[in-house]
S.K.: 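My structure is below; once you've seen it, I'll send some questions.
The sequence lines fix the lettering, A, B, ..., with proteins before strands; numbering per chain opens at 1. Any value given below was found using the heavy atoms of this structure, including those in side chains, with hydrogens, waters and symmetry copies removed.
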Amino acid sequence: MNKIENLLKNKITEAVFSTFNIELEDDFVVIEIPKDSNNGDYSTNIAMKLTKSVKQKPSITANMLVEKLNETCEIAEKIEVAGVGFINFFIKSEVLAEIINTVIDAKDDYGKNNSGNNLKILVEYVSANPTGPLHCGHARGAAWGDVICRLLKKSGYDYLREYYINDAGNQIDMLGESIYGRYRQYYGLDFTIPADGYYGEDIIEITKEIIDDVGDNYLHSAKQEAVDFFKWEGRNRQLNRIKADLAYYGCHFDSWVSEKSIVDENRVEKALEKMISMNLTYQQDGAFWFKSTEYGDDKDRVLKKSDGFYTYLTPDIAYHQHKFERGYEKLVNLWGADHHGYVARMKAAMTALGHPKDALEVDLIQMVRLVEDGIEVKMSKRTGNAITIRELVDEVGLDAARYFFVCKAVDTHLDFDFTLAKSETNDNPVYYAQYAYARICSVLRQYPAEKLEHYSLLNCEKEIALLKHIGEFTSVVADAAKTRAPHKMCNYIQKLAQYFHSFYATNKICDENNIKLSKERLALVEAIRITLKNALDLIGVSSPERM
RNA sequence: GUCCACGUAGCUCAGCCGGAUAGAGCAUCCGCCUUCUAAGCGGACGGUCAGGGGUUCGAAUCCCUUCGUGGACGCCA
């Protein structure tokens with residue numbers, strides 16, 4: 001909520017109080033920007049919302065309030081009642097223009113806000129098993145998580161980017177076995193790779209890397225010893241590859257937590273003991289069960305199998321419990337949609353352990369379908385395997401890859417249009433925004449902008465639209481952070497670029513015949529530049545000064 | 001079969017804590033470079049917001065139901 005909206009809100013609250021003697025709660029008054037500017041710069045539906053309390057037609061209520069507002073609301077040039085009872089405010093353009101200096105003064109910090117209130121929030125994303133390269137599905141999650149964190153940072157949250165490494169389960173054993181197989185194969189010996197092992201090119205590469213380091217040392221040792229060695233060698237090398245791919249993709253994590261460390265620190269036993277002591281479990285058929293149905297799950301879940309091993313769930317509970325123990329009040333997980341059924345039991349576990357109901361929130365990332373020329377592309381033409389994050393970046397470029405993943409809400413399946421993302425021409429939406437930035441920079445290179453004391457001439461429709469949109473930026477950032485909706489930032493960017501292009505096409509920014517107006521416009525353009533740059537930064541897309 | 005998500009223009013999607021005539025890009029068609037970057041601008045065409053019911057001043061938005069699509073339903077991870 002910006003300065004103008006706040007002021008309007010206060011004036012409306014006052015007017016309601018003095019007219020009807022009703023004290024409104026803080027969030028009761030809603031200010032919005034009408035789609036059609038004929039309906040004012042800002043509007044409120046307060047008269048409709050008061051229908052029941054005041055027992056009269058909204059239009060009458062609205063007129064009574066406007067009478068009062070006309071006296072008190074000095075920033076408005078005109079206040080009207082329209083439709084069924086909307087109150088529409090037309091703001092003096094010099095008041096709207098004050099935003100220019102706010103932006104210029106704040107520079108990179110424009111958009112920064114404290115809506116997060118320093119909330120300690122841990123965002124866990126990607127968390128792919130260290131058994132193979134990251135593919136396009138991970139790319140969606142990585143971009144989404146990264147942008148969420150950028151938004152949280154800008155909005156004053158105390159956030160942590162975390163990657164959970166599943167390195168204590170069966171899949172890591174399979175990794176060890178797979179490398180062991182390739183190792184023997186390299187030396188021309190008989191070999192087997194388990195049916196649920198890993199057959200990718202990356203395993204062969206990693207095997208060769210290991211051979212470069214240790215040669216045939218493990219050829220004659222006992223199988224289990226060799227597999228154990230390859231398991232951890234493989235895990236570490238895969239993880240390094242993942243880290244490199246993420247860096248290539250512009251994503252960095254603050255924290256890497258391994259499942260093995262959770263196990264080694266006895267956190268799994270402790271978690272189970274805690275659950276037993278809290279009477280959240282029972283024994284049946286030789287196994288320990290979690291009474292998860294009592295906390296909203298479909299059925300009870302096994303924590304410790306009759307063979308004495310834990311299920312996948314138990315270390316995960318321990319891990320999440322540990323997140324809370326580290327002082328995080330809010331946990332956000334971005335999981336692939338295939339983990340869908342897993343959400344309820346995890347939330348059940350956290351609730352059972354005494355954490356607030358919504359302290360853990362899981363956003364599911366739906367599948368990505370790559371489409372080229374209208375046909376689904378399942379495999380890379382080069383390798384025959386799933387397309388990796390690295391191939392994707394090489395193919396379409398970093399900016400396009402990230403933009404395409406971030407610009408759509410994650411709760412629906414995404415068709416990633418390869419053809420469109422690759423096109424370096426007019427069709428590509430990424431360039432639309434970047435081109436606006438390059439155009440702005442070009443203008444400012446030729447005609448440097450300077451801050452003015454006062455702006456009084458920026459009152460054409462397109463200028464007003466830009467001023468209002470720039471003024472919205474901070475609240476859009478705060479809202480996108482709160483609702484974890486990075487695509488809102490893309491929508492904002494597209495609109496800002498659109499307003500600018502439209503303005504640029506119909507108005508000469510620098511006009512020798514009107515120096516005063518030109519100076520004001522240049523300052524406006526500088527404010528647009530800063531806002532656009534900050535917005536692009538938030539989605540991790542570059543702002544080229546020339547194109 | 002049970003549970004969950006989704007269903008908006010020819011295509012890809014916004015909009016969804018109820019608000020004014022449901023928006024954008026692509027595609028199709030028509031205009032605009034002697035002018036600060038045409039990777040741009042302006043316009044046209046295009047809709048039973050899956051169907052039905054309900055809640056109310058008002059529903060794409062909330063509730064119920066039917067249909068369709070996808071996913072999850074292991075003492076796997």
Side-chain angles (χ1 to χ4, degrees), chain A residues 27 30 32 34-36 38-40 43-45 48-49 51-52 57-59 82-86 88 129 131 166 168-174 196 259 284-289 297-299 301-313 315-316 336-344 364 366-367 371 374 404 407-409 411-417 419-420 423-436 438-447 483 485 487-488 490-491 494-495 497-498 500-511 518 521-522 525 546-547:
Chain A
D27 290 331
V30 175
E32 53 184 20
K35 283 173 225 156
D36 182 350
N38 288 322
N39 289 327
S43 79
T44 181
N45 61 356
M48 277 92 95
K49 290 184 85 173
T51 305
K52 276 188 183 140
K57 279 167 79 175
S59 55
V84 267
F86 287 98
N88 296 339
N129 291 345
T131 52
N166 281 113
N170 186 46
Q171 76 279 10
I172 280 291
D173 296 333
M174 287 304 120
D196 42 0
E259 182 181 359
Q284 186 182 306
D285 306 327
F288 277 92
W289 294 72
D297 198 2
D298 296 342
K299 51 169 96 170
R301 306 290 171 179
V302 171
L303 293 171
K304 195 175 190 178
K305 299 184 278 179
S306 51
D307 64 8
F309 287 99
Y310 295 108
T311 62
Y312 178 73
L313 178 63
D316 230 19
D338 53 339
H339 285 67
H340 173 77
Y342 196 67
V343 177
L364 294 177
Q366 291 293 341
M367 304 291 215
V371 177
F404 271 66
C407 71
K408 302 285 167 63
D411 57 7
T412 44
H413 293 227
L414 173 71
D415 278 354
F416 188 104
D417 189 334
T419 326
L420 184 59
S423 74
E424 292 199 1
T425 50
N426 19 353
D427 303 341
N428 196 327
V430 188
Y431 293 102
Y432 184 78
Q434 291 185 322
Y435 182 59
R439 264 185 153 178
I440 289 170
C441 290
S442 173
V443 171
L444 294 174
R445 264 196 302 276
Q446 295 163 69
Y447 310 99
T483 56
H487 68 291
K488 288 181 179 170
C490 291
N491 295 344
Q494 285 302 313
K495 204 156 187 185
Q498 184 197 322
F500 172 74
H501 282 310
S502 175
F503 169 65
Y504 182 91
T506 47
N507 298 77
K508 189 125 170 58
I509 293 166
C510 261
D511 180 357
S518 299
R521 283 183 170 165
L522 282 168
V525 169
R546 294 171 202 269
M547 284 175 76

S.K.: Have a look at G83(A) and say if it touches a base, only the backbone sugar-phosphate, or nothing, with a 4.0 Å heavy-atom cut-off.
M.R.: nothing

S.K.: Residues two or more places apart in sequence or in another chain: which of them pass side chain to side chain donor-acceptor pair (under 3.5 Å) with Q366(A)?
M.R.: H413(A)

S.K.: Taking side chain to side chain contact (heavy atoms under 4.5 Å, CB included) as the test, write out the residues that go with N39(A), two or more places apart.
M.R.: P34(A), D36(A), N88(A)

S.K.: Looking across every strand, which nucleic acid part, if any, lies under 4.0 Å from Q284(A) by heavy atom: base, sugar-phosphate, or nothing?
M.R.: base

S.K.: Sticking with atom C1', work out how far rG25(B) lies from rU35(B), rounded to a whole angstrom.
M.R.: 28 Å

S.K.: For rG47(B) and rC11(B), measure between their C1' atoms and round to the nearest Å.
M.R.: 15 Å

S.K.: By nearest atom, which of the nucleotides rA77(B), rC75(B), rA20(B) is closest to the A82(A) side chain?
M.R.: rA20(B)

S.K.: If the condition is side chain to side chain donor-acceptor pair (under 3.5 Å), which residues does D415(A) pass it with, not counting sequence neighbours?
M.R.: R369(A)

S.K.: Answer with yes or no whether S43(A) presents, from its side chain, a donor or acceptor under 3.5 Å of a partner atom in the base of rA20(B).
M.R.: yes

S.K.: Strictly under 4.0 angstrom, non-hydrogen atoms only: write out the protein contact profile of nucleotides 32-37 of chain B, one letter per nucleotide from the 5' end, B, S or -.
M.R.: ---SBB

S.K.: What contact category does K299(A) fall into here, base, sugar-phosphate, or nothing, at under 4.0 angstrom with non-hydrogen atoms?
M.R.: sugar-phosphate

S.K.: Could you pull out the protein-nucleic contacts involving nucleotides 7-10 of chain B (nitrogen or oxygen on both sides, under 3.5 Å)?
M.R.:
none

S.K.: Identify, with sequence neighbours excluded, every residue that meets salt bridge (charged side-chain N to carboxylate O under 4.0 Å, His left out) alongside K408(A).
M.R.: none

S.K.: Side-chain donor or acceptor of H340(A) under 3.5 Å from a matching atom on the base of rG71(B)?
M.R.: yes

S.K.: Does one side chain, of S502(A) or Q498(A), offer a donor that lies under 3.5 Å from an acceptor on the other?
M.R.: no

S.K.: Name all residues meeting the side chain to side chain donor-acceptor pair (under 3.5 Å) criterion together with D173(A); count only those two or more places apart in sequence or in a different chain, and write none if there are none.
M.R.: K231(A)

S.K.: Show the distances under 3.5 angstrom between N or O atoms of the protein and N or O atoms of nucleotides 67-69 of chain B.
M.R.:
none

S.K.: Represent RNA chain B in dot-bracket notation, 5' to 3'. Only Watson-Crick or G-U wobble pairs with both distances under 3.5 Å count; pseudoknot-style crossings use [ ] and interstrand partners use |.
M.R.: (((((((..((((.....[...)))).(((((.......))))).....(((((..]....))))))))))))....

S.K.: Show me the protein contacts with nucleotides 15-19 of chain B, counting only N or O atoms at under 3.5 Å.
M.R.:
unit_1: rG15(B); atom_1: OP1; unit_2: H487(A); atom_2: NE2; d: 2.9
unit_1: rG19(B); atom_1: N7; unit_2: N45(A); atom_2: ND2; d: 3.0

S.K.: Which part of the nucleic acid does S502(A) contact within heavy-atom distance under 4.0 Å: base, sugar-phosphate only, or nothing?
M.R.: sugar-phosphate

S.K.: Determine the contact category for N39(A): base if any of its heavy atoms lies under 4.0 Å from a base atom, sugar-phosphate if only primed atoms, P, OP1 or OP2 are that close, otherwise nothing.
M.R.: base

S.K.: Checking only heavy atoms, does the side chain of N88(A) share a donor-acceptor pair with the base of rA20(B) at less than 3.5 Å?
M.R.: yes

S.K.: Once you apply a heavy-atom cut-off of 4.0 Å, does L414(A) come out as touching a base, just sugar-phosphate, or nothing?
M.R.: sugar-phosphate

S.K.: If we take the C1' atom in both rA24(B) and rG15(B), what is their distance in whole Å?
M.R.: 10 Å

S.K.: Could I get the full list of side chain to side chain donor-acceptor pair (under 3.5 Å) partners for H501(A), not counting sequence neighbours?
M.R.: R439(A)

S.K.: I'd like the C1' distance from rA50(B) over to rC45(B), given in whole Å.
M.R.: 24 Å

S.K.: What pairs with K305(A) under side chain to side chain contact (heavy atoms under 4.5 Å, CB included), at least two apart in sequence or on another chain?
M.R.: V302(A), D307(A), F309(A), T311(A)

S.K.: For the P atoms, the ones on rG52(B) and on rC26(B), what distance do you get once it is rounded to whole angstrom?
M.R.: 33 Å

S.K.: Ignoring backbone atoms, establish whether Y431(A) has a side-chain N or O less than 4.0 Å from OP1 or OP2 of rG25(B).
M.R.: no

S.K.: With a 3.5 Å cut-off and heavy atoms only, can you find an N or O donor on one side and an acceptor on the other between the side chain of T51(A) and the base of rC57(B)?
M.R.: no

S.K.: So what does A337(A) hit on the nucleic acid, given a heavy-atom distance under 4.0 Å: a base, only sugar-phosphate, or nothing?
M.R.: sugar-phosphate

S.K.: With rounding to whole Å, what would you report as the distance between rG53(B) and rC13(B) at their P atoms?
M.R.: 29 Å

S.K.: Would you please indicate if the ring centroids of F500(A) and Y504(A) are separated by under 6.0 Å?
M.R.: yes

S.K.: Roughly how far apart, to the nearest Å, are rC63(B) and rG31(B) at atom C1'?
M.R.: 49 Å

S.K.: For K408(A) and rA14(B), what is the distance between atoms NZ and C1' respectively, to the nearest whole Å?
M.R.: 9 Å

